[in-house]
Amino acid sequence: MTTADPLHRALHDPGPRFLPDEVARLLRTLDAPPRLAAHLRLVHDVAYELVEWLEQRYPALPLDREAVLFGAATHDVGKAVHVRELSGPGSAHEEAGRELLEAHGTAPELARFAATHASWTLPDIGLEDLLVSVADKIWKNKRVPELEDLVVRRLAEVSGRAVWEEFLALDDALTAVGEGAQERLAFQAAHPV
C-alpha cells in the first residue's frame, strides 16, 4: 500500500477525525470504495461532536458513547457490497451491512446500527440509534424534523426541561454542526467511488 492508494488517502488524509482502528482495518479487508471511507469518517466526526455536546449539556444522560461512535463509523458499511448506493438511492446496504459486520466478528448490539440508521421510527429504537441517524443527516446539513423531535423528547425526559427548551438547544447545536457542511461535502467528493 502506498500513500497514493485512494483508500489509504480516504482513511488518512487530514480532515475529520480518524475512524477507529478496527473499522479502518475492516474497510481495508473489504477493499471498500474510498468515497465510503471518507463518508464514514465524516459521519463519525459529526457523531463525535454531537456526543461531546450531549455529555456537556446532559451529564446524567445514560448514553453509550462508544456505541454511537462505532455506529456512525460503520453505518453504511453495506455500501462496500452495494456500491451503487454510494451515488444513488437504495436500502439494500442496511441489512447487508449488519450481516457483514456480524460476519466479521462485530457483536449484534453494535452491528445493528448498519440496519437502523435509516429506520428511526422503529418501536423501541434507542437514543444511540437516533444519534447515528442524526449524524448521518446533519453532516451535510440535512434537517429531518421528525427525527430531531424524537431526540428532543428523549432529552426533555432526562433533563426535566420543557420540550421547547430542548428543541432550541438541539436546534442551535445542529445549526452549528451544519455550518461545516460545505467543507465536509468537498472532503467526501475528493475521494472516488
Side-chain angles (χ1 to χ4, degrees), residues 15-20 23 38-79 89 91 93-94 97-98 101 106-189:
R17 283 174 186 83
F18 297 116
L19 292 170
V23 175
H39 173 70
L40 293 175
R41 277 185 69 189
L42 292 164
V43 176
H44 173 261
D45 188 62
V46 166
Y48 188 94
E49 289 182 44
L50 291 175
V51 167
E52 288 282 302
W53 177 79
L54 286 166
E55 288 176 341
Q56 288 174 6
R57 182 168 168 86
Y58 308 93
L61 180 68
L63 179 69
D64 187 341
R65 172 192 184 91
E66 295 309 313
V68 173
L69 297 177
F70 184 85
T74 60
H75 74 283
D76 272 349
V77 73
K79 290 183 180 183
S91 59
H93 73 278
E94 295 163 13
R98 184 191 62 75
L101 287 168
T106 300
E109 62 270 11
L110 291 176
R112 76 178 194 265
F113 294 103
T116 64
H117 71 276
S119 305
W120 53 82
T121 58
L122 292 173
D124 300 325
I125 196 89
L127 177 60
E128 289 82 2
D129 301 84
L130 295 174
L131 293 173
V132 170
S133 298
V134 168
D136 189 34
K137 299 299 180 190
I138 199 62
W139 78 272
K140 60 183 175 182
N141 203 21
K142 182 174 183 183
R143 302 295 295 265
V144 182
E146 62 270 17
L147 171 59
E148 294 173 22
D149 287 346
L150 292 170
V151 174
V152 164
R153 277 185 253 145
R154 301 281 177 95
L155 298 178
E157 288 170 11
V158 169
S159 71
R161 290 187 282 265
V163 170
W164 67 267
E165 281 184 81
E166 297 305 346
F167 169 81
L168 292 175
L170 182 64
D171 183 61
D172 286 347
L174 296 181
T175 297
V177 170
E179 289 174 0
Q182 291 303 317
E183 292 84 13
R184 287 189 290 270
L185 287 163
F187 179 84
Q188 179 174 287

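A quick note: this is a predicted structure, and the numbers were derived from the prediction, not measured. For the numbers below, each heavy atom of this structure counts, side chains included, while hydrogens, waters and symmetry mates do not.
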| query | Do E128 side-chain atoms and A67 backbone N/O form a donor-acceptor pair below 3.5 Å? | reply | no

| field | Donor-acceptor under 3.5 Å (H75 side chain, H117 main chain) | value | no

| message | Any salt bridge linking R184 with E179? Criterion: basic side-chain nitrogen under 4.0 Å from a carboxylate oxygen. | response | no

| task | Please state whether the rings of Y58 and W53 are parallel, tilted or perpendicular, taking 30° and 60° as the class boundaries. | result | perpendicular

| field | Side-chain heavy atoms of L147 within contact of L130, under 4.5 Å | value | yes

| query | Is the shortest heavy-atom distance from the side chain of L50 to the side chain of L174 under 4.5 Å? | reply | yes

| query | Within the side chain of R154, is there an N or O that forms a donor-acceptor pair under 3.5 Å with the backbone of V151? | reply | no

| task | Give, for atom CG of D171 and atom CH2 of W164, the distance between the pair rounded to the nearest 0.5 Å. | result | 13.0 Å

| request: Can you measure from CG (L185) to CG (L42) and round to the nearest 0.5 angstrom? | output: 8.0 Å

| request: For a side-chain contact (heavy atoms from CB on, under 4.5 Å) with L155, tell me which candidate from E165, E166, R57, R161 qualifies. | output: E166

| request: Flag the pair D129 / F113 as yes when at least one side-chain heavy-atom distance between them is below 4.5 Å, and no otherwise. | output: yes

| task | Grab the two heavy atoms, one from V23 and one from T74, that are nearest each other, plus how far apart they are. | result | CG2-CG2, 3.6 Å

| field | Minimum side-chain heavy-atom gap V46-I138 below 4.5 Å | value | yes

